[in-house]
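Written below as structure tokens is the structure these notes are about.
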Protein chains: 2
Amino acid sequence: MSEHKVISFDNIKVACRNCSLTSLCLPMGLTPEDVDQLDNIVRRSRPLHRGDHLFRQGDVFQCIYVVKTGTVKSFDPGEDGSEQVLGFHLPGEMIGLDAIETGYHHCSAKILETTAVCEIPFTRLEELSSIIPSLQHQMFRLLSREIGHDEDMLTLLGKRNAEERLASFLLSLSGRFQRRGFSPSDFYLSMSRHEIGNYLGLAVETVSRLFTRFQDEGLLKVERKHIQLMDIERLKQILHNDQGGGVRERQIP
Amino acid sequence: MSEHKVISFDNIKVACRNCSLTSLCLPMGLTPEDVDQLDNIVRRSRPLHRGDHLFRQGDVFQCIYVVKTGTVKSFDPGEDGSEQVLGFHLPGEMIGLDAIETGYHHCSAKILETTAVCEIPFTRLEELSSIIPSLQHQMFRLLSREIGHDEDMLTLLGKRNAEERLASFLLSLSGRFQRRGFSPSDFYLSMSRHEIGNYLGLAVETVSRLFTRFQDEGLLKVERKHIQLMDIERLKQILHNDQGGGVRERQIP
DNA sequence: CGCAATATTGACCACTCTCAATGAGGGTGG
DNA sequence: CCACCCTCATTGAGAGTGGTCAATATTGCG
């Protein structure tokens, strides 16, 4: 029966299975029956278009979202309109986990390119998690992963210079594309330079200059949104460059 | 029976109840019986001393820790010894949530001043969460809160200048002390200037200079570790100061 | 086709870091 | 109990990364 669904042409089911599989099920020992149960509570939304809001900060929290296709950015709109981009979400990635605590969305989420998402009503997901221990475990893992990722970003913003930040960003994208079966070295950016800079704590101009410099140094080719990483190894070297260089930052006794 | 424990002089039980209450139970509708069950799996560790490691990055993950008294700092030691301080944990706060994903600690944790913690074996906590839906919900909330807090830190590091960062840091401490019944305007820092700077993405010298400046401006009095906030309102104003000042950062269309 | 948004590039400047020297505590051992 | 040392904190001077302002492509959209 589970098999039936996988090979069926019931697009909605298959689509949802895809999202949930990627983020929720694949890594853990969920039985096919469990997956079916999960599938049953997952809803696929209408296609969303660039500029649409998936939700806004302060909205009542009802669903976790999983990107199926497209890209979503999450951001803190700030009290006065000064955004802070918190993340770019590619297919298979979840959005809205920060809303569980208060029941209201802690950040906003906006569509960067035509996107399909799966909606998972959180209350039902909780109910199911109580019944299926491995699903509960998987949920804990997902939340924990988010924390770990945010901590990595804190290190990026707290310790790395502009060059290292952009290299890290590109390599992150590269890896995420690769894991999803796309080219790790040839892709299109769905976000603007402005959004990249905002995300990395840099000015637009700095991002632009760095792209130019990276290109001049043969690290990549860039033409607007189109990126080709020519030397991934050297990009990785940038990350592990001068970390030990600063004697003073060596350690906190 | 639950009442009995509360008024008993079984210090260990009471101690553990205190931790679990603060972080795990208070905000949610756990019944006294649920709390008892939780108490039964919570262990109180021996007192730890300054410099001790609670755990190290890469250690096998077994327990969530809740600070009972004292202060703990969590940090990413970095591959070469360049630390990134990720947080300072006061009584009632949890440590180790980022380890759930992989089963290995994602960061290290070190004692800043003599500290007592409660250990909560995570496997048993998971088992209990399956049985007690409101505990599961509370766990999801705790993890979500951590994500939200990290996101706030990303905004701090990505958008705020040195002055705003230190003001935000002091106000955060102030609020957390107040919530625990201590003075919000008169407290001792358990971390060094170096650690504060590291946490805020600033050099030690910058932190030191800012303390001096804040004192000169009458915002606070500082003498080594002893801080007295003299004008909390003005400190808060610093946070909401020039955010709208930059026209260019107004919004991302 | 033309306007608006986006991106690139240059010049300048400022915030913060780095380097360096001094002072103040805190702990240890004589 | 004091001297010594080591770490931590403070302060000053100078430098540099990256931000700001501004002008000019370039693109995309109505």
Side-chain angles (χ1 to χ4, degrees), chain A residues 49-51 82-83 112-114 156-167 188-216 220-227 238 241-253, chain B residues 49-51 82 112-113 156-167 188-216 220-227 238 241-253:
Chain A
H49 302 98
R50 175 171 181 77
S82 81
E83 288 191 17
L112 290 184
E113 57 183 349
T114 305
L156 193 74
L157 294 186
K159 288 269 171 304
R160 309 295 173 221
N161 63 25
E163 188 181 65
E164 294 165 332
R165 294 183 200 186
L166 187 62
Y188 284 81
L189 300 173
S190 47
M191 68 292 291
S192 68
R193 300 284 191 273
H194 199 128
E195 288 165 324
I196 294 172
N198 188 307
Y199 177 60
L200 297 175
L202 301 172
V204 200
E205 296 91 331
T206 304
V207 174
S208 192
R209 273 185 261 268
L210 280 172
F211 270 126
T212 306
R213 177 142 64 89
F214 282 175
Q215 180 164 245
D216 291 346
L220 50 77
K221 288 183 183 171
V222 50
E223 194 189 349
R224 291 306 253 194
K225 308 272 188 191
H226 185 199
I227 304 287
I238 290 179
N241 242 359
D242 76 333
Q243 291 184 15
V247 175
R248 66 189 357 248
E249 200 57 70
R250 189 79 57 81
Q251 55 193 1
I252 299 171
Chain B
H49 303 98
R50 174 169 180 80
S82 80
L112 290 185
E113 57 183 348
L156 193 74
L157 295 184
K159 288 269 171 303
R160 310 293 175 222
N161 63 25
E163 187 182 65
E164 294 165 332
R165 292 184 202 187
L166 186 63
Y188 284 80
L189 300 173
S190 47
M191 67 294 290
S192 68
R193 302 284 191 272
H194 199 129
E195 288 165 322
I196 295 172
N198 188 308
Y199 177 61
L200 297 176
L202 301 172
V204 200
E205 296 90 332
T206 304
V207 175
S208 192
R209 273 184 259 267
L210 281 173
F211 270 125
T212 305
R213 177 141 64 90
F214 281 177
Q215 180 165 243
D216 291 346
L220 50 78
K221 287 183 185 172
V222 52
E223 193 189 350
R224 294 305 257 190
K225 308 269 188 195
H226 185 199
I227 304 288
I238 289 178
N241 241 358
D242 76 335
Q243 291 184 16
V247 176
R248 65 191 355 253
E249 200 56 69
R250 191 79 58 80
Q251 54 192 1
I252 299 170

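All of these numbers come straight from a predicted model, not from anything done at the bench. Lettering follows sequence order; numbering is per chain, from 1.
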In sequence, state the C-alpha distance, the side-chain angles, and the governing distance for Glu163(A) and Phe214(A), and then conclude on side-chain contact (heavy atoms from CB on, under 4.5 Å).
CA-CA 9 Å; Glu163(A) 188 181 65; Phe214(A) 282 175; 3.7 Å; yes
To the nearest Å, give me how far apart [atom1] ([X]) and [atom2] ([N]) are.
{"X": "Arg160(B)", "N": "dG19(D)", "atom1": "CZ", "atom2": "P", "answer": "15 Å"}
{"X": "Glu164(A)", "N": "dT17(D)", "atom1": "CD", "atom2": "P", "answer": "12 Å"}
{"X": "Ile196(B)", "N": "dT10(D)", "atom1": "CD1", "atom2": "C1'", "answer": "14 Å"}
{"X": "Leu210(B)", "N": "dC15(C)", "atom1": "CG", "atom2": "P", "answer": "12 Å"}
{"X": "Asn198(B)", "N": "dT18(C)", "atom1": "CG", "atom2": "P", "answer": "12 Å"}
{"X": "Leu166(A)", "N": "dT17(D)", "atom1": "CG", "atom2": "P", "answer": "17 Å"}
{"X": "Glu163(B)", "N": "dC17(C)", "atom1": "CD", "atom2": "P", "answer": "14 Å"}
{"X": "Arg50(B)", "N": "dC8(D)", "atom1": "CZ", "atom2": "C1'", "answer": "10 Å"}

For a side-chain contact (heavy atoms from CB on, under 4.5 Å) check, start with the C-alpha distance between Ser208(B) and Glu205(B), then their side-chain angles and the critical distance, and finish with the verdict.
CA-CA 5 Å; Ser208(B) 192; Glu205(B) 296 90 332; 5.5 Å; no
side-chain contact (heavy atoms from CB on, under 4.5 Å) between Lys221(B) and Ile227(B): does it pass, once the steps are laid out?
CA-CA 6 Å; Lys221(B) 287 183 185 172; Ile227(B) 304 288; over 6 Å; no
Can you tell if the side chain of Lys159(A) reaches within under 4.5 Å of the side chain of Asn198(B), non-hydrogen atoms only?
yes
Note, Val207(A) side chain near His194(A) side chain (heavy atom, < 4.5 Å):
no
Mark yes or no for whether Arg193(A), through its side chain, and Ala203(A), through its backbone, hold a donor-acceptor pair below 3.5 Å.
no
Is the backbone of Glu113(A) close enough, under 3.5 Å, to the side chain of Arg50(A) for a donor and an acceptor to pair up by distance?
no
Any residue meeting side chain to side chain donor-acceptor pair (under 3.5 Å) with His49(B), in chain and number order, not counting sequence neighbours:
none
Under 4.0 Å, counting only non-hydrogen atoms across every strand here, what does Gly201(B) touch: a base, just sugar-phosphate, or nothing?
sugar-phosphate
Exactly one of Leu200(A), Ile196(A), Thr206(A) clears side-chain contact (heavy atoms from CB on, under 4.5 Å) with Arg165(A), and that residue is Leu200(A)
For the helix from dC1(C)-dG30(D) to dG30(C)-dC1(D), how many degrees between its two end axes (five pairs per end), to the nearest 10°?
40°
Do nucleotides 7-12 of chain C as a string where each nucleotide becomes B, S or -: B if the base has a protein heavy atom under 4.0 Å, S if just the sugar-phosphate does, - if no protein is that close.
SBBBB-
